[in-house]
Amino acid sequence: MTIGPEGCLDLVGHHVEGWAWLPAKPDRRLRVEILFDDPPIRVEVLADRHRPDLEAAGKGDGRHGFAVPLPASLIGREPVVNVCLPDFPNARLRGTPRRAILALGFVTLRTIRPLGTDLDRLRDFLAGMVRLNGGCADTAVPGMRDLQVWLAGGGDRCWLVAERGSRIVGHCRIGPGWPAQATSRALTLGIELHPDVHGFGLGRQLMLAAHRWASGRCARLELATLPHNARALALYRGLGYVDLGTAALPETGEIHRRMAIGLAAPCGSAWNAKRGITLVG
Ligand SMILES: CC(C)(COP(=O)(O)OP(=O)(O)OC[C@H]1O[C@@H](n2cnc3c(N)ncnc32)[C@H](O)[C@@H]1OP(=O)(O)O)[C@@H](O)C(=O)NCCC(=O)NCCS
C-alpha cells in the first residue's frame, strides 16, 4: 500500500507555520503552496526546516517544517489561509483552512439555547472542528436529537459557547460523566477552541465563566487531558486545578491526566471587560 504525504498547518498569525513529509520517502522535501485570500496571494516554499518536535515524533530527520511571514498587505484583513502540496493535488493537510486573526477583539460567552438554529450552529462548529482534525464529522458529531436530550437532562449541565461576531469560535461543556464519578458531587468540564483563537486567553475566560456557572451547583469540577497537551495543562494548573493521577478513557484506554478544582460559593459577575469578553444568556 502506498502511503501518501502527511502534514499539518500548526500556526497562523504573523507567520504561517506547519510541516509536510512523505513517509515513504523520508529524504524528500515537499513543495508547499500557501494560498491567502482577500486579495488572493500565493506563496511557494520548500518544507525543509528542521523541527526538533518532528524529529522526536519520528518524522524522518525532522527537516520537514515550513514557515512564511503573513504578507504585509494582508495584516489586519483576516484572510483565509490554505495549504496545498502541488505535487499531491489530492492531499489535504490537517488544520486547514484557517483564518489569520491577529487581534481577538470582542467575544461573547453565552449558554447555548435548546433551539434548532442555535443547535445547528453548534453542530456546524463541532463538525468543522472534527474536519480540521482530520476526522469524519458524520459519525463524530452528536445529532440534533441527542443534543436536545442532553440539554434537557437537568440542572446539572450547561453548554457555553464563545462567539466572535456571528461565528462560534469555542465551546465548553459541563455535566455529569467521565472522569467524574456518578456518586461524587463533581461535574466534568470539557473545553475546545478553534485554533484561529488560541493564545489570546479566551480559554481562561471560558473556563472562568464555566466556574461561575458551576459554583453552587457542584462541589468540584473534574477534567481529563492528554499528558502531552502542554497548553491545556498550563491553563488548568494556572487556574488552580490539581493533579489526581492518571485515568484511562473508557472507549479507547488512552491514558489521560485527571485534574480537579474545588468550587466556592457563586462568585458574582466580574467579567473581563479589558479583553472585551462578556457573558450573556
Ligand atoms: C487548551 C485551550 C482551551 C487553551 O486555551 P487558549 O486560550 O488557547 O489558552 P492560552 O493560549 O491563553 O494559553 C493558556 C496557557 O498555556 C500557556 N501556553 C500556551 N502555549 C503553550 C505551549 N505550547 N506550551 C506550554 N504552555 C503554553 C500560556 O502561556 C498560558 O499560560 P498563562 O495563562 O500562565 O500565561 C485551547 O488551546 C484549545 O482549545 N486547544 C485544543 C483543544 C484542547 O486541547 N482542549 C482541552 C482538552 S482537555
Side-chain angles (χ1 to χ4, degrees), residues 8-15 17-19 51-54 56-57 65 67 94-96 98-109 122 125-135 140-141 159-164 167-175 177-180 186-211 221-252 254-261 271-272 274-277 279:
C8 185
L9 175 57
D10 292 321
L11 183 83
V12 174
H14 285 284
H15 284 82
E17 295 181 19
W19 57 274
R51 279 193 19 187
D53 61 320
L54 295 179
R94 259 186 306 122
T96 57
R98 292 271 303 275
R99 192 172 279 279
I101 295 175
L102 302 186
L104 186 60
F106 277 86
V107 172
T108 299
L109 310 183
L122 176 63
F125 169 75
L126 296 175
M129 294 298 294
V130 171
R131 281 192 290 270
L132 207 58
N133 294 319
V141 175
W159 207 317
L160 292 169
V161 287
E163 272 179 326
R164 185 176 187 263
R167 178 185 173 199
I168 294 180
V169 291
H171 73 119
C172 180
R173 197 172 72 156
I174 312 148
W178 185 85
L187 293 177
T188 291
L189 178 150
I191 183 169
E192 185 179 31
L193 302 182
H194 193 285
D196 287 353
V197 296
H198 285 185
F200 292 109
L202 181 58
R204 182 181 172 83
Q205 295 306 317
L206 198 48
M207 297 279 294
L208 289 174
H211 292 181
L221 284 171
E222 288 195 19
L223 52 80
T225 187
L226 290 168
H228 60 256
N229 194 341
R231 191 189 288 257
L233 285 168
L235 173 65
Y236 303 149
R237 287 183 179 137
L239 284 166
Y241 280 75
V242 293
D243 219 312
L244 299 181
T246 57
L249 185 68
E251 293 84 19
T252 62
E254 199 170 11
I255 296 299
H256 285 62
R257 294 228 69 80
R258 183 173 162 227
M259 303 179 88
I261 190 168
W271 312 122
N272 191 333
K274 204 174 72 187
R275 289 184 192 273
I277 292 169
L279 178 72

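Both counts, for ligands and for their atoms, begin at 1 and track the order of listing. Predicted model only: the values in this text are computed from it and were never measured. Counting begins at 1 with the first residue of the sequence.
Heavy-atom contacts of T225 reach the following atoms of ligand 1: 48 (S) (cutoff under 4.0 Å). Taking every heavy atom of L202 and a limit of under 4.0 angstrom, the matching atoms of ligand 1 come to 7 (O). Heavy-atom proximity to Y236, at under 4.0 Å, picks out these atoms of ligand 1: 46 (C), 47 (C), 48 (S). Interface of A224 with ligand 1, defined as ligand atoms under 4.0 Å from a residue heavy atom, comprises 48 (S).
Atom 48 (S) of ligand 1 lies below 4.0 Å from at least one non-hydrogen atom of the protein. Within a 4.0 Å radius of atom 23 (N) of ligand 1, the protein contributes no non-hydrogen atoms. Atom 17 (C) of ligand 1 is approached by the protein to below 4.0 angstrom, counting heavy atoms only. In this structure, atom 7 (O) of ligand 1 has protein heavy atoms in its sub-4.0 angstrom surroundings. Distance remark: protein heavy atom not present below 4.0 angstrom from atom 33 (O) of ligand 1.
Between Y241 and E222 the shortest side-chain heavy-atom distance does not fall below 4.5 Å. In this structure the side chain of L193 never reaches within 4.5 angstrom of the side chain of V169, judged on heavy atoms. Under the 4.5 Å side-chain criterion, counting only non-hydrogen atoms from C-beta, H171 is not in contact with H194. Put simply, the side chain of V12 does not reach to within 4.5 Å of the side chain of I101, judged on heavy atoms.
Distances shorter than 4.0 angstrom do not occur between any heavy atom of L223 and any atom of ligand 1. Under a 4.0 angstrom heavy-atom cut-off, G201 registers as being in contact with ligand 1.
The nearest pair of heavy atoms linking L132 to T96 is CD1-O, 3.6 Å.
Checking only distances, R231 does come within under 3.5 Å of ligand 1, N or O to N or O.
To the nearest 0.5 Å, atom SG of residue C172 and atom NE2 of residue H211 are 7.5 Å apart. Note that CD1 of I261 is 10.0 Å distant from CG of L189, once rounded to the nearest 0.5 Å. Taken from CD1 in I255 to CG in L249, the straight-line distance is 9.5 Å, to the nearest 0.5 Å. Considering CZ of R258 and OG1 of T225, their distance stands at 14.5 Å, rounded to 0.5 Å. Distance check, rounded to the nearest 0.5 Å: CG of L126 to CZ of R173 gives 9.0 Å.
Closest to atom 38 (C) of ligand 1 among all protein heavy atoms lies H198 NE2, 3.3 Å. Atom 39 (O) of ligand 1 has its closest protein heavy atom at L193 N, 2.7 Å. Looking only at protein heavy atoms, the nearest one to atom 28 (C) of ligand 1 is A234 CB, 4.9 Å. The shortest contact between atom 2 (C) of ligand 1 and any protein heavy atom is with L235 CD2, 4.3 Å. Taking atom 45 (N) of ligand 1 as the reference point, the nearest protein heavy-atom neighbour is I191 O, 2.9 Å.
Only side-chain heavy atoms of N229 come within less than 4.0 Å of ligand 1; its backbone N, CA, C and O stay farther off. Counting heavy atoms closer than 4.0 Å to ligand 1, residue P195 contributes nothing at all.
Salt bridge absent: D10 and R94 never bring a charged side-chain N and a carboxylate O closer than 4.0 Å. Note on D196 versus R99: no salt bridge recorded, every NZ/NE/NH1/NH2 to OD/OE distance being 4.0 Å or above.
With G199, A230, G203, G190 as candidates, the residue nearest to atom 10 (P) of ligand 1 on a non-hydrogen basis is G199.
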